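What follows is one structure encoded as structure tokens, with my remarks underneath.
Residue numbers begin at 1 in each chain, while the letters A, B, ... track the order of the sequences. Computed from a prediction, not measured in an experiment: that's the story for all the values here.
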Amino acid sequence: MRGPGWQLCKQLITRRVHSSSYALKEVELTSVRYPDLKRGPFGRLTDSDVTHFRRLLGAERVITEDLDGYNTDWLRSVRGASQLVLRPRSTEEVSAVLRHCHERRLAVCPQGGNTGLVGGSVPVFDEVVLSTSLMNKIIDLDTNSGALVCEAGCVLETADAYLAERGFMMPLDLGAKGSCQIGGNVSTNAGGLRLVRYGGLHGTVLGLEAVLANGDVLDCMSTMKKDNTGYDLKHLLIGSEGTLGVVTKVAISCPRRPACVNLVMLAVRSFEDVLSTYQFAQSQLGEILSSIEFMDGASQECVVNNLNMSHPLPGHPFYMVVETSGSRDTHDEEKLSLFMEEAMQRELVTDGVLATDVGQIKSLWQFRERIAEALLGDGYCFKYDISLPLNAFYEVLENLLYSDGNIHLNMTTRDFDAAVLSKIEPSLYEWTAQHGGSISAEHGLGLKKRNFIGYSKSPSAVALMQQLKTMLDPHGILNPHKVLPDN
Amino acid sequence: MRILVGVKRVIDYAVKVRVRPDKKGVVTDGVKHSMNPFDEIAVEEAIRLKEKKIAKEVVALSIGPTQAQETLRTALAMGADSAIHVEVPAGELERVQPLHVSRIISKLATEGKFDLVMVGKQAIDDDCNQTAQMTAAMLDWPQATFASKVEKDGDYLKVTREIDGGLETIKVGVPAVISADLRLNEPRYATLPNIMKAKKKPIKKMKASELGVDLTPTIEVISVEDPPVRAAGIKVDDVDTLIAKLKEAGRV
């Protein structure tokens with residue numbers, strides 16, 4: 001179904017307007033951009049609250065000035081008006097802070113690396129920001145099972161580097177790895193580039209510890225791969241985006257680091273060929289396939305222009321990045337070699353480059369991982385992340401990214417434009433729902449998508465979610481205005 | 001002009017190197033190897049000279065075990081016409097040093113009537129920076145080392161070199177030996193069509209003994225150790241304490 005919204009989208013795609021990105025202060029306040037949002041019946045921060053927090057954490061970890069970075073999201077698309085940022089170092093401190101906030105009905109916005117893409121990681125109004133950045137200790141690694149226990153504030157890349165030295169790796173990888181924290185990854189059920197091989201966090205998280213809205217510590221820590229004792233509460237918290245509890249510790253199952261990693265970037269003529277190549281890669285590479293991603297020509301042009309990089313395969317309509325990981329290089333290289341030869345002979349792909357050293361692997365990945373960053377240079381980015389059954393893909397627009405049933409749809413304009421927004425939403429979500437897809441495959445709901453939850457979840461499911469939220473957070477102080485629609 | 005490019009298979013520069021328990025070397029088993037980055041730059045430059053029609057043919061050379069052929073395949077995929085593999089079993093590889101490599105290259109350069117020998121300025125595993133210089137001496141050819149630019153100048157080559165004080169431009173007669181520095185060029189990726197073509201390009205196998213080259217080592221590695229762990233620094237609160245600490249350490 002192609003309504004007027006689609007026509008507009010097509011126009012936006014062909015016309016690209018460049019501008020410099022916003023300074024933090026120029027980002028419009030969320031409360032102004034979304035005037036229908038109303039601040040909840042929360043307490044207001046007083047001097048005695050600040051004094052109390054200073055007594056709990058010490059003055060250096062209670063911040064009242066220069067809060068723009070905490071108030072603004074990475075996309076520079078939303079900005080809150082928090083007056084206070086707290087930086088606890090331990091679960092006990094988080095518990096004491098939340099106990100006080102619960103008593104005083106002070107709204108709290110838990111924040112990790114602040115790399116979320118749906119406005120879920122920053123305050124909407126004057127919520128107190130609770131940063132996990134200082135809770136970054138790696139507690140233990142069991143080298144027999146690969147179970148890693150660490151605090152929620154560990155940066156993904158740092159944890160991965162620690163694991164690399166010991167022959168393991170994190171089971172997830174995203175472009176934001178240099179800043180995102182594991183607690184945030186778990187709270188948003190982050191997917192990422194390696195989901196196709198290692199699965200999602202609902203499978204790899206073994207246990208977690210969180211602090212609930214009233215300050216109670218919920219201990220669901222475990223490093224067991226098998227444990228069928230009662231209701232598995234951690235799954236409630238995984239993906240709850242900080243609205244049911246603040247994750248403070250994570251136990252995650254880490255795979256062995258592969259001895260041999262190979263990467264090839266392919267140039268593809270059409271979307272049908274992308275799907276055929278995807279299926280061919282699955283069958284030829286089988287168990288060594290660790291990542292397979294797809295980009296379009298427009299996204300690559302954006303990366304080349306905005307990030308000043310030179311492309312190894314310029315001028316093609318579609319691209320794919322295929323990564324293999326295994327324990328034996330001769331075995332993997334033989335499989336990959338056969339795959340590449342056949343793909344060329346069958347004309348599934350028109351060209352390609354193979355990375356011959358680790359430096360080239362990193363360089364080639366940038367053409368996929370830095371697309372979001374490149375788009376920032378265009379101005380405001382309307383960002384959609386939907387999942388669809390594969391056969392529905394034949395009807396889609398040109399500007400697409402693809403990974404494991406998931407499309408990232410990005411449209412940019414120079415400035416935020418409410419008229420543009422109203423043309424894209426809700427028609428895009430309606431279309432997705434009609435095809436039985438998810439309106440947010442990986443990015444979560446946060447602030448920007450919470451009102452569209454109905455397109456992907458039934459009324460009975462949403463009603464039960466509201467009940468659980470009320471039960472676990474009766475005053476509604478944890479990350480208000482996020483995930484669930486206001487009643 | 002015919003160019004002979006030397007390429008060495010080394011541990012990939014992004015890999016964290018580990019000292020072997022016997023402290024006689026580093027762990028190479030199961031560790032990712034790739035072409036020495038400076039050699040990659042040398043290959044790229046040779047190919048560019050061919051594309052500019054300054055050179056007619058590029059032959060890649062590697063001295064090493066069976067896996068050295070992968071490194072040669074990469075050079076062929078970048079555009080080299082053929083390759084030579086001087087086979088040295090993995091166990092004997094550590095005893096092959098720049099002196100032996102230079103002897104092999106010189107022999108092949110003479111027998112193959114090459115006009116230009118190109119190598120990376122140094123290998124990232126031993127950091128010797130000797131092969132180009134020794135080869136030139138053995139051949140009695142001029143050398144242009146640390147090249148950051150190579151241009152044709154009539155019958156000569158004009159080479160810009162990276163030196164401590166800045167850049168030095170020299171004119172060398174041909175035949176000559178050139179060693180590539182980092183800024184000479186950015187090597188191309190191996191493309192799929194070229195990788196497939198490379199499979200059909202010939203790799204000539206030979207042994208050092210066939211060339212009459214003696215591989216007896218002249219250097220013995222006594223031990224290989226980790227660098228000392230860096231001592232942690234301390235923070236001081238004021239200048240007086242800083243001065244006191246400096247005096248304590250005998251620095252002031």
Side-chain angles (χ1 to χ4, degrees), chain A residues 161-167 256-268 277 309-314 316 320 322 325-334 336-364 367, chain B residues 7-19 27-41 43-44 60 62 65-80 120 123-125 182 185-200 226:
Chain A
Y162 171 89
L163 290 166
E165 286 185 2
R166 293 155 179 81
R256 291 225 157 247
R257 202 167 199 93
C260 170
V261 176
N262 281 303
L263 191 76
V264 60
M265 181 190 272
L266 304 166
V268 187
T277 307
M309 288 162 59
S310 71
H311 206 279
L313 296 166
H316 293 274
M320 292 179 78
V322 178
S325 302
S327 55
R328 194 165 167 75
D329 51 13
T330 43
H331 168 264
D332 287 10
E333 270 147 34
E334 191 186 322
L336 187 58
S337 183
L338 285 167
F339 163 72
M340 293 188 309
E341 258 183 66
E342 276 272 344
M344 291 278 308
Q345 266 165 27
R346 292 191 193 185
E347 294 189 22
L348 291 174
V349 310
T350 51
D351 203 351
V353 294
L354 172 71
T356 49
D357 60 45
V358 176
Q360 287 188 350
I361 291 178
K362 290 200 169 103
S363 303
L364 287 178
F367 290 96
Chain B
V7 298
K8 186 179 182 185
R9 178 178 178 263
V10 296
I11 295 178
D12 191 291
Y13 74 86
V15 167
K16 189 157 184 221
V17 171
R18 281 203 161 71
V19 175
V27 176
T28 53
D29 263 345
V31 169
K32 171 105 185 161
H33 284 66
S34 46
M35 190 191 292
N36 181 36
F38 296 109
D39 295 342
E40 219 179 338
I41 294 171
V43 173
E44 174 65 28
S62 194
T66 325
Q67 296 98 317
Q69 285 184 47
E70 287 156 29
T71 313
L72 289 170
R73 289 276 170 224
T74 305
L76 292 169
M78 284 171 72
I124 58 167
D125 50 8
L182 192 65
N185 60 50
E186 208 184 297
R188 64 194 64 191
Y189 287 95
T191 64
L192 259 47
N194 285 342
I195 291 170
M196 284 173 21
K197 276 189 217 147
K199 292 206 174 137
K200 304 201 182 82
D226 279 303

Q) Closest heavy-atom contact between A:V264 and B:L192? A) CG2-CD1, 3.9 Å
Q.
With rounding to the nearest 0.5 angstrom, report the CD to OG1 distance, B:E70 to A:T330.
A. 8.5 Å
**Q.** Engaged part of A:L313 at the chain B interface, taking heavy atoms whose separation is under 4.5 Å
**A.** neither
(Q) Please check this pair: side chain of A:D357 against backbone of B:S34, looking for a donor-acceptor N/O pair closer than 3.5 Å. (A) no
Q. Could you state the interatomic distance from CD (A:Q360) to CD (B:E40), rounded to the nearest 0.5 Å?
A. 5.5 Å
Q: Below 4.5 Å from any heavy atom of chain B, which atoms of A:V261 appear? Answer side chain, backbone, both or neither.
A: backbone
Q) So how far is it from A:Q345 CD to B:M196 CE, rounded to the nearest 0.5 Å? A) 5.5 Å
Q.
Heavy-atom pairs under 4.5 Å with chain B: which of A:R328, A:K362, A:E341 has the most?
A. A:E341
Q: Please look at A:E333 and chain B and tell me whether the side chain, the backbone, both or neither of the residue comes under 4.5 angstrom of a heavy atom of that chain.
A: side chain
Q) So which heavy atom on A:A259 is nearest to which on B:G30, and how close? A) CB-O, 4.1 Å
**Q.** chain A contact via B:R188 - side chain, backbone, both or neither, heavy atoms under 4.5 Å
**A.** backbone
**Q.** Spacing of A:S310 atom OG and B:E186 atom CD [to the nearest 0.5 Å]
**A.** 5.5 Å
**Q.** B:I195 CD1 to A:L336 CG distance, which is reported to the nearest 0.5 Å
**A.** 8.5 Å
Q. With a 4.5 angstrom heavy-atom cut-off, which part of B:T191 approaches chain A: side chain, backbone, both or neither?
A. both
**Q.** Closest non-hydrogen atom pair between A:P312 and B:Y189, with its separation
**A.** CB-CD1, 3.5 Å
